[in-house]
Amino acid sequence: QVQLVESGGGLVQPGGSLKLSCAASGVDIRFLDMGWYRQAPGKQRELVVVIKGDSATNYADSVKGRFIISRDNAKNTVYLQMNTLKPEDTAVYYCNTRFANLAYWGQGTQVTVSS
């Protein structure tokens, strides 16, 4: 059974940093596309960034230059380093992958950027 578990969210002041983790089990993520999405209150879920099996990345324009995705295949974990956070980054952040034609999501982790 594929499971994704996010962690690392919290409350941070504008300009601060957080690092999110997504630990996968039940699947080897080495060759999978892994994505981070976010959903703010009253808004649709949106793609933040995806890292492909070949480690190519695709960032949303709103986070380019501030967020960095990485993967540790030995730990079967994907990370999202978020720098220079803004109030508009406030959202629940979800980890995602597709395996055997099924989409899998984590439970989400709340990120709140506020002074």
Side-chain angles (χ1 to χ4, degrees):
Q1 182 179 1
V2 178
Q3 285 192 316
L4 303 174
V5 179
E6 302 99 333
S7 62
L11 173 63
V12 63
Q13 291 187 340
S17 297
L18 279 176
K19 186 173 184 178
L20 306 183
S21 300
C22 171
S25 60
V27 67
D28 185 339
I29 70 168
R30 272 182 293 177
F31 305 110
L32 298 180
D33 297 351
M34 302 293 296
W36 284 99
Y37 288 73
R38 66 186 181 187
Q39 187 165 19
K43 295 188 176 181
Q44 288 190 330
R45 192 172 297 189
E46 64 176 2
L47 175 67
V48 176
V49 58
V50 62
I51 183 166
K52 297 185 177 295
D54 61 1
S55 294
T57 57
N58 183 26
Y59 290 89
D61 287 344
S62 58
V63 306
K64 279 181 182 177
R66 299 188 299 123
F67 290 12
I68 303 171
I69 191 171
S70 62
R71 63 199 303 162
D72 185 335
N73 292 331
K75 295 183 177 180
N76 222 32
T77 298
V78 176
Y79 302 97
L80 183 64
Q81 177 67 47
M82 305 186 295
N83 302 317
T84 319
L85 282 160
K86 305 175 181 180
E88 50 264 43
D89 295 318
T90 295
V92 178
Y93 284 71
Y94 297 92
C95 184
N96 164 269
T97 192
R98 287 190 68 87
F99 178 70
N101 290 322
L102 292 176
Y104 293 92
W105 296 89
Q107 82 287 351
T109 185
Q110 176 70 47
V111 172
T112 302
V113 185
S114 175
S115 55

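Each residue takes its place number in the sequence, starting with 1.
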Can I69 be reached from Y37 by stepping across I, L, V, M, F, W or Y side chains whose heavy atoms are under 4.5 Å apart? no

State which residues pass side-chain hydrogen bond (donor to acceptor under 3.5 Å, both in side chains) with D89; sequence neighbours excluded, sorted by chain then number. R38, R66

I68, V78: one ILVMFWY side-chain cluster at the under-4.5 Å cut-off? yes

So does E88 have more than 12 non-hydrogen atoms from other groups sitting under 6.0 Å from CD? yes

Minimum heavy-atom separation for A91 and A40, please, with both atom names. CB-N, 3.8 Å

Check whether Y94 and V111 end up in the same hydrophobic cluster, where Ile, Leu, Val, Met, Phe, Trp and Tyr are linked by side-chain heavy atoms less than 4.5 Å apart. no

K43: what forms a salt bridge (Lys or Arg N to Asp or Glu O under 4.0 Å) with it, not counting sequence neighbours? none

Atom pairs and distances, side-chain donor-acceptor, residues 11-27, under 3.5 Å, sequence neighbours left out:
{"unit_1": "S17", "atom_1": "OG", "unit_2": "N83", "atom_2": "OD1", "d": "3.0"}

Are V2 and M34 joined in one hydrophobic group, where the rule is that I, L, V, M, F, W and Y side chains link up if heavy atoms are under 4.5 Å apart? yes

Please check: side-chain N/O of T90 versus main-chain N/O of V113, any donor-acceptor pairing under 3.5 Å? yes

Would a 4.5 Å heavy-atom cut-off, applied to side chains only, mark I29 and T97 as touching? no

Please collect all ring pair (Phe, Tyr, Trp, His ring centres under 6.0 Å) contacts where either partner lies in residues 38-93, sequence neighbours excluded, each pair once. none

Restricting to pairs with a member in residues 32-79, which pass disulfide (SG to SG under 2.5 Å), not counting sequence neighbours? none

Report the residues that fulfil side-chain hydrogen bond (donor to acceptor under 3.5 Å, both in side chains) with R98, sequence neighbours left out, ordered by chain and then residue number. none

Tabulate below the donor-acceptor pairs under 3.5 Å that side-chain atoms of residues 99-109 make, not counting sequence neighbours, or state none.
{"unit_1": "Q107", "atom_1": "NE2", "unit_2": "E6", "atom_2": "O", "d": "3.1"}
{"unit_1": "T109", "atom_1": "OG1", "unit_2": "G9", "atom_2": "N", "d": "3.1"}

Could you tell me which residues satisfy side-chain hydrogen bond (donor to acceptor under 3.5 Å, both in side chains) with D28, sequence neighbours excluded, listed by chain and number? R30

Residue pairs passing the disulfide (SG to SG under 2.5 Å) test where at least one lies in residues 27-62, sequence neighbours excluded: none

Sequence neighbours left out, what pairs pass disulfide (SG to SG under 2.5 Å) with at least one residue falling in residues 30-92? none

Salt bridge (Lys or Arg N to Asp or Glu O under 4.0 Å) with D33: which residues, sequence neighbours excluded? K52

Residues passing the side-chain hydrogen bond (donor to acceptor under 3.5 Å, both in side chains) test with T112, sequence neighbours excluded, are Q110

Distance (rounded to the nearest 0.5 Å) between T57 OG1 and R71 CZ: 11.0 Å

Let me see the working for Q81 and S70 under side-chain contact (heavy atoms from CB on, under 4.5 Å), right down to the final yes or no. CA-CA 8 Å; Q81 177 67 47; S70 62; over 6 Å; no

Distance, nearest 0.5 Å, that separates CG of L85 from OG of S114: 12.0 Å

